[in-house]
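By convention in this document, chain letters (A, B, ...) are assigned in the order of the sequence lines, proteins followed by strands, and residues within each chain are numbered from 1.
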2 protein chains.
Amino acid sequence: MIRRLSQARERGIPEATVARLPLYLRALNGMSERGLATVSSEDLAVAAGVNSAKLRKDLSHLGSYGTRGVGYDVEYLIYQISRELGLTQDWAIAIIGVGNLGRALANYGGFVSRGFRVAALLDADPAVVGDRIAGLNVEHIDELEAVIRRRGVSIVVLATPAAAAQQVADRVIAAGITSILNFAPVVLSVPEGVDIRKVDLSIELQILAFHEQRKTDRMTGGAAMAEEWPEAVDL
Amino acid sequence: MIRRLSQARERGIPEATVARLPLYLRALNGMSERGLATVSSEDLAVAAGVNSAKLRKDLSHLGSYGTRGVGYDVEYLIYQISRELGLTQDWAIAIIGVGNLGRALANYGGFVSRGFRVAALLDADPAVVGDRIAGLNVEHIDELEAVIRRRGVSIVVLATPAAAAQQVADRVIAAGITSILNFAPVVLSVPEGVDIRKVDLSIELQILAFHEQRKTDRMTGGAAMAEEWPEAVDL
DNA sequence: GCCACTTTGTGCATCGGTTCACAAAGGTAC
DNA sequence: GTACCTTTGTGAACCGATGCACAAAGTGGC
């Protein structure tokens, strides 16, 4: 294996980098719209809310696309990041569970941005099956496997109630899906090779509450803690 | 400073641990409902989808609440984690932006779970101001400061269009809010001391797409890459 | 064609987080 | 009270990610 691309890129962009690429892409799109031709790591980093050394290291994992003394070509970098993320192809997604959240997701514009297309809506409730939402017919979950095959769905968004999520996930995976975005507040157990991303509103709020509490504790002196912890004053 | 609580706990639970506490809490609540009195780190870890050593280390940051040879008392641990996260108090949250997403969030049941209460809905669009959603009147954004004060809001959920988000965030922060959950696809710039959590559906999808692409690349041999990279065959 | 200036790409030190593996601590049986 | 069993709590090695700081590489002026 003499083949070594400029430095990295043979299997393995750090996960942390992958998570930031969409951020860079968004910032770059804004710059492209404003007509900028090139951008320095410093400017792009500020726009994406990260530090410029980190940005350069992230980009270096894709290859060497900058020009020293100048910066990065905006359009070229957009193309490279898009391709790396797989956004040059069209991804058909299915939303399962058409409650409040599923409905909102189906209608959410930013969802479809660049590369993604909601190709199917499914639900188990006969009362909503047949409804027309965001230009799509809601289909019955019994059709799951057929719909996935027919529409070429490769990413599934789970917006079912918590109680149904694991069961639906199992079926979806059995149907060959290996990428799931889960909104249901449960820990899904899935086989090796299946990627799950979780979005959990309640957890996010709890994390905020933790920090908010710390902040207000600090303001009120923090002395109250001792009262709550008589037995913890040890040694 | 002779005061050293059992080991940790004086300013500083690792951020990664804080992010997992809600997970443990949820698993514990399930166990409590099923009537379990105690649970071992191993069982709880499985339920929360983490490794047991990590779970024990996480819990050790709160104090020493387990009993060797036995495990953890479910109810006691629920109480301790709840208190640590600040869920023993009631948090009033305001949702700003009552589009598809804001509406879904307002109606989303899991949102209100334990400790959180949607106390206000605000929007800039006169067409929706006055609507009644999830038992609340939608108020005009001009009322922002008054509503925050009057209802004791301490956490704000931003569900506005991207273009408005920074401006609204600035106002919210000026009104004294220091905890924001942001659904708008923008990088908010905020002063020191303000906590932002970001939920970005589009980014999650892009990360999934990246991995999905890798998986299918691998299946098709990955040879196609060379064609796309004529100039990258270097040295 | 050379010099001064800019900005990338990266080696290296550092840090936070994860995992292993085991000693310490408690329970139970006899 | 002792011996054995279980499970916690944590020291220490490891791993990935971050950020500094600088050499390398390019541009533009003259």
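Using a 4.0 Å heavy-atom distance criterion, B:Ala16 is classed as a sugar-phosphate-only contact.
Residue B:Tyr72 has no polar side-chain atom (N or O) positioned under 4.0 Å from OP1 or OP2 of D:dT6. Checking the phosphate oxygens (OP1, OP2) of C:dT7, no side-chain nitrogen or oxygen of A:Ser41 falls inside 4.0 Å. The phosphate of D:dG26 has neither OP1 nor OP2 within less than 4.0 Å of any side-chain N or O from A:Thr67.
B:Leu62 has its CG atom 15 Å from the P atom of D:dT8, to the nearest Å. Counting to the nearest Å, the P atom of D:dT8 and the CD atom of B:Glu42 are 9 Å from each other. Atom-to-atom, OH of A:Tyr65 to P of C:dT10 comes out at 13 Å; the value is rounded to the nearest Å. Atom pair B:His61:NE2 and D:dT10:C1' shows a separation of 10 Å (rounding to whole Å applied). Rounded to whole Å, the distance from CD on A:Glu15 to P on D:dC15 is 18 Å. At whole-Å resolution of the value, CD1 in B:Ile13 and P in C:dT18 are 14 Å apart. Put simply, CG on A:Leu59 is 10 Å from C1' on C:dT8, counting in whole angstrom units. Regarding B:Asp73, its CG atom lies at a distance of 13 Å from the P atom of D:dT8, rounded to whole Å.
With salt bridges taken as basic N to acidic carboxylate O contacts below 4.0 Å, none links A:Arg56 and A:Glu42. Using a 4.0 Å cut-off between charged nitrogen and carboxylate oxygen, B:Asp200 and A:Arg26 count as a salt-bridge pair.
Counting distance only, with no hydrogens placed and no angle test, the side-chain atoms of B:Lys57 and the base atoms of C:dT18 include no donor-acceptor pair under 3.5 Å. With hydrogens and angles left out, the side chain of B:Lys54 and the base of C:dG17 share no donor-acceptor pair within 3.5 Å. For A:Arg68 against C:dT8, a side-chain N or O and a base N or O form a donor-acceptor pair under 3.5 Å.
Enclosure of atom CD in B:Gln167 is not indicated, since only 12 or fewer non-hydrogen atoms of other residues, nucleotides or ligands lie within 6.0 angstrom. In A:Glu75, the CD atom is crowded: over 12 heavy atoms of neighbouring residues, nucleotides or ligands sit closer than 6.0 Å.
Under the 6.0 Å cut-off for aromatic ring centres, B:Tyr76 and B:Tyr65 qualify, their centroids lying closer than that.
Comparing B:Arg20 and B:Arg56, the nucleotide of DNA chain C nearest to each residue sits closer to the 5' end for B:Arg20.
Of all nucleotides listed (D:dG9, C:dT19, C:dG27), C:dT19 comes nearest to the side chain of B:Asn51. Taking every side-chain heavy atom of A:Ser60 into account, C:dG9 is the closest of C:dG26, C:dG9, D:dA21.
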